[in-house]
Number of protein chains: 2
Amino acid sequence: MNKNKTLSLTTYGLKNTNQRKALYELLQKQNQPVKAEDLYKELQNKNIAISLSTIYRILDAFLEKGIVSKTTIDNDGVIYYEVPRSKHFHHLICLSCHKIVNFENCPIHDFEDELANKTNFAIAYHQLDVYGYCPECLAKMKEKHSTIK
Amino acid sequence: MNKNKTLSLTTYGLKNTNQRKALYELLQKQNQPVKAEDLYKELQNKNIAISLSTIYRILDAFLEKGIVSKTTIDNDGVIYYEVPRSKHFHHLICLSCHKIVNFENCPIHDFEDELANKTNFAIAYHQLDVYGYCPECLAKMKEKHSTIK
DNA sequence: GTCCTTGCAAATTTTTTGCATTTGA
DNA sequence: TCAAATGCAAAAAATTTGCAAGGAC
């Protein structure tokens, strides 16, 4: 019925190996960014043979094609991957308790067009994270302060 | 003339150790994000005794106080630190050749206010990175494509 | 004096690489 | 066929942690 069922990575100039197909499929299913290790475990659970280094290498290939994007969360040095979608989240992160709040309304789409015109880049996606102190931590700070006084 | 010359980390509730003072001073001088290792080397060159693990611990303390912010560049898993300033750069990164172009005009300041009102976070700073293909890589891709045809 | 901070070394975590083998086009 | 992709094991890179000693307040 639908030829897309047999998914073709060759469109991107990538060989259609079992490992790549499995990884591509798995990435499509995620509804949040995942790390290489997560993908490895999930594929192991499904008894799909793949090594972790292959996952890293495939992810690099996908990144170069824009099939996936990479992100960090709270900049902790761990890299997360996801399929870029028009509907996406950004993070608001507390500097004190490291709570992460997602927000969806993204203010920079128009800006991207402007940037594309200015730089002649073909823009694929972006990452935006905002840092600050959450209401709870702010309250704690105030409390502490007034006790000292 | 200026009391600020003797800088006081105690304002932030941090003990005023030599290592902290030296690191704080050094961070102030940077005009771009630096990694822990960079800071370590620079302090060694100045014959200031400090260990790398102490640098990481101090940076963590500074992060929690909002004295520094952390960033990744092209999400390569290395963490960079800088003193947040109102004038700051964001990155436009090529997915193919990993060229990094800075841009200064930041479109989200108004948005931050809105976000603060909505979430009651006290917002300190943000990170924005845009990914795409640079004009040169785009040209190469086109060339390749037409050769195949 | 007490609690916080530091140094050192070892451990952990994440990612990359070399090389022999396998596989898709 | 043959360049490209994979697996394995080892290495590299970045960051964290335990613990004993030192230092600020």
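Chain letters run A, B, ... following the sequence lines, proteins first and then strands; every chain starts at 1.
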Provide, to the nearest angstrom, the distance between the [atom1] atom belonging to [X] and the [atom2] atom belonging to [N].
{"X": "Ile55(B)", "N": "dT16(D)", "atom1": "CD1", "atom2": "P", "result": "13 Å"}
{"X": "Lys15(A)", "N": "dT22(C)", "atom1": "NZ", "atom2": "C1'", "result": "10 Å"}
{"X": "Asp38(B)", "N": "dA13(D)", "atom1": "CG", "atom2": "P", "result": "14 Å"}
{"X": "Asp60(A)", "N": "dT14(C)", "atom1": "CG", "atom2": "C1'", "result": "13 Å"}
{"X": "Leu59(A)", "N": "dT16(C)", "atom1": "CG", "atom2": "C1'", "result": "13 Å"}
{"X": "Ile58(B)", "N": "dT5(C)", "atom1": "CD1", "atom2": "C1'", "result": "8 Å"}
{"X": "Phe62(A)", "N": "dA5(D)", "atom1": "CZ", "atom2": "P", "result": "11 Å"}

State which of dC8(C), dT17(C), dC25(D) makes the closest approach to the side chain of Thr10(B).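 Between dC8(C), dT17(C), dC25(D), the one nearest the side chain of Thr10(B) would be dC25(D).
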Tell me whether the side-chain N/O atoms of [X] come closer than 4.0 Å to OP1 or OP2 in [N].
{"X": "Lys35(A)", "N": "dT14(C)", "answer": "yes"}
{"X": "Ser51(B)", "N": "dG7(C)", "answer": "yes"}
{"X": "Thr17(A)", "N": "dT6(D)", "answer": "yes"}
{"X": "Arg20(B)", "N": "dT5(C)", "answer": "yes"}
{"X": "Tyr56(A)", "N": "dT15(C)", "answer": "yes"}

Can you name the nearest heavy-atom pair linking Leu63(B) to Leu95(A), along with the distance?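 So the minimum-distance heavy-atom pair works out to O-CD2, 3.8 Å.
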Taking every non-hydrogen atom, the tightest pair across Arg20(A) and Phe62(A):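 Reported closest heavy-atom pair: O-CZ, 3.9 Å.
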For the helix from dG1(C)-dC25(D) to dA25(C)-dT1(D), measure the angle between the helix axis at one end and the axis at the other, each built from five pairs, rounding to 10°.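 Both end axes considered, the difference amounts to 40°.
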Hydrophobic cluster identity match, Ile123(B) and Ile93(A), side-chain contacts under 4.5 Å: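 No; tracing contacts between hydrophobic side chains, which count when under 4.5 Å, never links both residues.
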Have a look at Ser53(B) and say if it touches a base, only the backbone sugar-phosphate, or nothing, with a 4.0 Å heavy-atom cut-off.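 Result for Ser53(B) = base.
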Looking for any heavy atom pair under 4.0 Å, which part of the strands does Gln19(B) touch: base, sugar-phosphate only, or nothing?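 Here Gln19(B) touches the backbone only, sparing every base.
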Which one of Gln32(A), Lys35(A), His91(A) satisfies the side chain to side chain contact (heavy atoms under 4.5 Å, CB included) criterion with Ile73(A)?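 That would be His91(A); it is the only one of Gln32(A), Lys35(A), His91(A) passing the side chain to side chain contact (heavy atoms under 4.5 Å, CB included) with Ile73(A).
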Within residues 39-50 of chain A, which residues have any heavy atom lying less than 4.0 Å from an atom of DNA chain C?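 Close to the strand, none.
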Pairwise 5' ranking along DNA chain C for Gly77(B) and Asn18(B), keeping only the more 5' one: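 Per heavy-atom nearest nucleotide, the more 5' residue is Asn18(B).
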Glu82(A)/Lys70(A) salt bridge by N-O under 4.0 Å criterion: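 No salt bridge links Lys70(A) with Glu82(A).
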Charged N to carboxylate O under 4.0 angstrom, Lys118(A) versus Glu114(A)?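 Looking at Glu114(A) together with Lys118(A), the answer is yes, because their closest N to O distance falls below 4.0 Å.
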So does Gly66(B) get a backbone contact from the side chain of Tyr133(A), meaning a donor-acceptor N/O pair under 3.5 Å?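 Yes; at least one donor-acceptor contact below 3.5 Å.
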Mark yes or no for whether His90(B), through its side chain, and Leu128(B), through its backbone, hold a donor-acceptor pair below 3.5 Å.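 Confirmed, His90(B) side chain pairs with Leu128(B) backbone.
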Centroid-to-centroid, Phe103(B) to Phe111(A), below 6.0 Å?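 So the answer is yes for these two rings.
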Hey, is CG on Asp110(B) packed in by over 12 heavy atoms from elsewhere, all under 6.0 Å?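 Result for CG/Asp110(B): open.
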If you find the nucleotide of DNA chain D closest to Arg57(A) and the one closest to Arg57(B), which residue's nucleotide is nearer the 5' end?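 Its nucleotide being nearer the 5' end, the pick is Arg57(A).
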